[in-house]
Amino acid sequence: MKAILRGKSELSFTSQTGNHVEGTNLYISFPDKNVNGEKCERVFASVEISFPDNIKIGDTVNLFFNHKGKLEAITK
């Protein structure tokens with residue numbers, strides 16, 4: 001899926017169940033036929049996802065998801 005990276009925020013916390021959660025929230029926008037303009041969403045990238053150093057806010061990125069909708073990779 002092609003999208004524009006609009007923002008990102010780092011996360012590191014312990015959930016109420018005691019699991020440690022670490023990763024990055026990516027804020028993206030992309031065209032959608034049901035939206036006048038662009039649709040905006042937040043996507044979670046776990047620390048296992050390799051985040052290329054050359055990606056910056058405003059870049060067009062390619063997001064790859066598994067069959068369950070979980071982010072597996074991101075490229076520029």
Exercise. What's in the same ILVMFWY side-chain cluster as Val47, cut-off under 4.5 Å, chained through other members?
Worked result: none
Problem set entry | Nonpolar side-chain network containing Phe64, other nodes, edges under 4.5 Å | none
Exercise. Can you list every salt bridge (charged side-chain N to carboxylate O under 4.0 Å, His left out) pair that touches residues 40-49, not counting sequence neighbours?
Worked result: Lys39-Glu41
Problem set entry | Set of side-chain hydrogen bond (donor to acceptor under 3.5 Å, both in side chains) partners for Asn19, sequence neighbours left out | Thr17
Exercise. Can you find a heavy atom in the side chain of Phe44 that is under 4.5 Å from one in the side chain of Thr24?
Worked result: no
For this session: List for me each residue that meets side chain to side chain contact (heavy atoms under 4.5 Å, CB included) alongside Asn54, sequence neighbours excluded, and say none if there are none.
Result: Pro52, Lys76
Exercise. Which residues satisfy the salt bridge (charged side-chain N to carboxylate O under 4.0 Å, His left out) test with Lys56, sequence neighbours excluded?
Worked result: Asp59
Exercise. More than 12 foreign heavy atoms under 6.0 Å from CG of Asn66: is that the case here?
Worked result: yes
Seminar exercise, completed: Applying salt bridge (charged side-chain N to carboxylate O under 4.0 Å, His left out) to Lys70 and not counting sequence neighbours gives none
For this session: Would you mind listing the cluster partners of Leu26? Hydrophobic ones only (ILVMFWY), side-chain contacts under 4.5 Å, chaining allowed.
Result: Met1, Leu5, Ile28, Phe30, Val43, Ile49, Phe51, Ile55, Ile57, Val61, Leu63, Phe65, Leu71, Ile74
Seminar exercise, completed: The side chain to side chain contact (heavy atoms under 4.5 Å, CB included) partners of His20 (sequence neighbours excluded) come to Ser12, Thr14, Glu22
Exercise. Once you round to the nearest 0.5 Å, how far does OG of Ser46 lie from CG of Leu11?
Worked result: 11.5 Å
Problem set entry | Qualifying salt bridge (charged side-chain N to carboxylate O under 4.0 Å, His left out) pairs with a residue from residues 6-20, counting only residues at least two apart or across chains | Arg6-Glu38
